[in-house]
Structures are given as C-alpha cells and as structure tokens.
Visitor: 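Dropping the structure in here first, questions after.
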Amino acid sequence: RIAGKTGTAQKVGAGGYMPGKYIASFAGFGPVDNPEVAMLVVIDEPVGIYYGGQIAAPVFNAVMKDVLQYLKVSPLKKPETSKEKQEAHVVVPSVINLLVPEAIKELQKAGLSARVENNAARITDQIPKPGSRVPAGATVLLHSALMRYEGGEITVPDIIGKNLRDVSDNLAELGLTIDPSGVGEKAVRQQPAPGTRVPAGTEVTVYFE
C-alpha cells in the first residue's frame with residue numbers, strides 16, 4: 001500500500017498570483033506499514049492540465065513501482081474494491097459557472113463541503129476537477145475569480161435550445177463564462193454568436209425564454 005497527497009498551487013509573482021502559472025505536485029511514501037521510500041514529484045509551470053492528481057501522480061506511480069520492485073517489495077494482493085468502499089466515495093459534480101450559493105448547495109447535495117476563494121459571483125474553477133471520486137465529506141476548493149484556462153482563442157459554441165445547466169457546463173469546459181438573462185428554460189439567443197473566436201475567459205451572454 002502506498003500513501004500520497006496531490007498538490008496544485010498557483011505561482012506568486014510581483015503584485016500577486018501569476019495568471020496561468022501553476023505548480024503541480026504529488027508527495028508520498030511506501031510501503032505504508034513499513035516505509036522505505038519517500039518521494040516528491042514537482043512539475044513547474046505545466047502546459048495545459050495543471051492538476052497534481054492528473055500529471056504529477058502518474059509520474060510518482062511509475063517511479064515508485066520501479067523503486068519498490070528494485071527493493072524487492074512485493075505488491076499487496078487484495079480483492080476488488082467492495083461495494084461498501086465504493087459507496088464511501090462520491091463523484092464530484094461540476095459547479096463551474098454556477099453562482100457561489102448554488103455551487104455550495106450542489107456540493108452539499110453530493111455530500112461534500114466547499115471552500116470558496118476570492119469574491120466574484122460565479123465559480124470559474126474547482127479542485128478536485130468534476131468527475132473525480134473523493135471520500136464523502138471532502139472539501140472542494142472553489143475559485144470565483146481565477147480563470148480555468150489562460151491564453152489563446154476559443155470558438156464560441158452554439159448553445160441555442162439548451163437549458164441553463166447544460167449551457168453552463170458546455171461553456172465552462174471551453175474556458176468561457178456565462179451571463180444568463182431571462183427566466184425561461186431554454187436558451188434562445190446568445191452573444192457573441194456561435195463560431196466567433198474570443199479570448200479564453202470571455203463572458204457569453206445567454207438569453208433564456
């Protein structure tokens with residue numbers, strides 16, 4: 001058995017946080033019951049995905065396996081994860097683009113707690129990422145000002161006919177934010193228009209009827 005913890009941090013420069021600059025890490029040791037090896041993997045300014053669990057953890061996993069094999073530490077034979085253990089973990093929902101109170105409520109419904117950083121109205125990023133499996137009661141870090149993607153241009157998708165949640169998820173996955181207008185269930189107009197090239201982080205106004 002191996003123990004470890006992921007790390008994702010935004011770099012600090014003159015005047016505060018540096019947009020788009022991150023440090024991803026994974027620290028761990030093993031075997032758990034009789035530790036022989038401790039390891040820290042740090043990836044400075046990764047390009048694209050910057051979550052420690054996605055890019056630093058696989059490096060840790062590959063190196064640790066080789067090291068323990070070299071030390072003649074046998075893998076632990078264990079049965080498949082039991083149903084009870086699976087039920088003890090929950091899937092992190094996507095709350096990106098939701099208003100802060102809505103995001104907190106959504107996480108609470110999933111059995112999770114939330115910690116919000118910054119003071120903007122809508123959630124622009126979250127850690128762990130949507131779809132991750134975490135222990136029930138875990139805390140999800142919500143950013144309400146930092147952009148999920150930095151730099152480059154994005155093509156605005158056609159979201160006409162979709163409901164608010166689907167629109168929010170679609171725009172969030174592309175690195176765009178939403179400014180909803182109206183009280184209807186379906187999107188009928190949008191600005192900028194579909195196909196427009198805009199910078200990452202651009203706000204798309206969507207009208208619902």
Side-chain angles (χ1 to χ4, degrees), residues 1-13 17-96 103 106-117 123-143 146-152 169 172-175 200:
R1 292 188 302 148
I2 306 299
K5 179 70 179 71
T6 62
T8 305
Q10 191 171 20
K11 298 184 72 172
V12 176
Y17 289 116
M18 301 168 63
K21 303 292 186 181
Y22 295 90
I23 295 177
S25 63
F26 192 96
F29 63 90
V32 169
D33 300 321
N34 184 26
E36 294 189 46
V37 181
M39 188 191 313
L40 170 64
V41 176
V42 178
I43 300 179
D44 189 21
E45 296 188 15
V47 177
I49 297 173
Y50 54 81
Y51 296 108
Q54 290 181 283
I55 59 174
V59 178
F60 174 94
N61 180 58
V63 176
M64 183 62 83
K65 280 184 176 179
D66 286 346
V67 171
L68 292 179
Q69 184 176 21
Y70 174 80
L71 295 175
K72 296 182 171 54
V73 176
S74 300
L76 178 66
K77 302 294 184 181
K78 63 179 182 179
E80 301 236 352
T81 305
S82 66
K83 182 179 179 182
E84 291 76 18
K85 287 185 178 179
Q86 287 193 20
E87 289 176 348
H89 285 68
V90 297
V91 176
V92 179
S94 173
V95 295
I96 297 172
E106 192 74 14
L107 291 173
Q108 289 174 341
K109 284 169 54 181
L112 302 168
S113 59
R115 180 161 68 89
V116 182
E117 295 205 350
I123 301 303
T124 55
D125 201 358
Q126 67 179 84
I127 301 173
K129 66 182 182 67
S132 300
R133 291 185 62 84
V134 298
T139 298
V140 178
L141 177 62
L142 303 177
H143 293 284
L146 303 176
M147 300 316 303
R148 193 176 184 194
Y149 298 97
E150 304 287 346
D169 288 346
E173 285 303 314
L174 294 173

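Each residue takes its place number in the sequence, starting with 1.
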Visitor: Output all residues satisfying side-chain contact (heavy atoms from CB on, under 4.5 Å) with V42, sequence neighbours left out; order by chain, then residue number.
Guide: I23, S25, L40
Visitor: Using 0.5 Å steps for rounding, measure from the CD atom of Q126 to the CZ atom of R115.
Guide: 14.0 Å
Visitor: If you look only at distance, which donor and acceptor atoms sit under 3.5 Å apart when one is on a side chain in residues 134-142 and the other is two or more places apart or in another chain?
Guide:
unit_1, atom_1, unit_2, atom_2, d
T139, OG1, S113, OG, 2.9

Visitor: Roughly how far, to the nearest 0.5 Å, is the CD atom of E117 from the CD atom of Q10?
Guide: 9.5 Å
Visitor: Please find the pair of heavy atoms, one from I96 and one from P130, that lie closest to each other, and give the distance.
Guide: CD1-CG, 4.4 Å
Visitor: Sequence neighbours excluded, which residues qualify as side-chain contact (heavy atoms from CB on, under 4.5 Å) partners of T6?
Guide: F26
Visitor: If you compare all heavy atoms of I127 against all heavy atoms of Y51, which two are closest, and at what distance to 0.1 Å?
Guide: CG1-CE2, 3.3 Å
Visitor: Considering all heavy atoms of both residues, which atom of L107 and which atom of A114 are nearest to each other, and what is their separation?
Guide: CD1-CB, 3.6 Å
Visitor: May I have all residue pairs that pass side-chain hydrogen bond (donor to acceptor under 3.5 Å, both in side chains) and include part of residues 29-39, sequence neighbours excluded?
Guide: R1-D33
Visitor: State the CD-OG distance between Q54 and S132, to the nearest 0.5 angstrom.
Guide: 7.0 Å
Visitor: Could you tell me which residues satisfy salt bridge (Lys or Arg N to Asp or Glu O under 4.0 Å) with D44, sequence neighbours excluded, listed by chain and number?
Guide: K11
Visitor: Looking only at non-hydrogen atoms, find the nearest pair between D169 and S94 and report the distance.
Guide: OD1-OG, 3.5 Å
Visitor: Provide the closest heavy-atom pair for V37 versus V67 in the form atom of the first, atom of the second, distance.
Guide: CG2-CG1, 3.7 Å
Visitor: Counting only N and O atoms by type, is there a donor-acceptor contact under 3.5 Å from the side chain of E106 to the main-chain atoms of P93?
Guide: no
Visitor: Could you list the residues that satisfy side-chain contact (heavy atoms from CB on, under 4.5 Å) with I2, not counting sequence neighbours?
Guide: F60, M64, L68
Visitor: Is any side-chain heavy atom of P128 closer than 4.5 Å to one of R133?
Guide: no
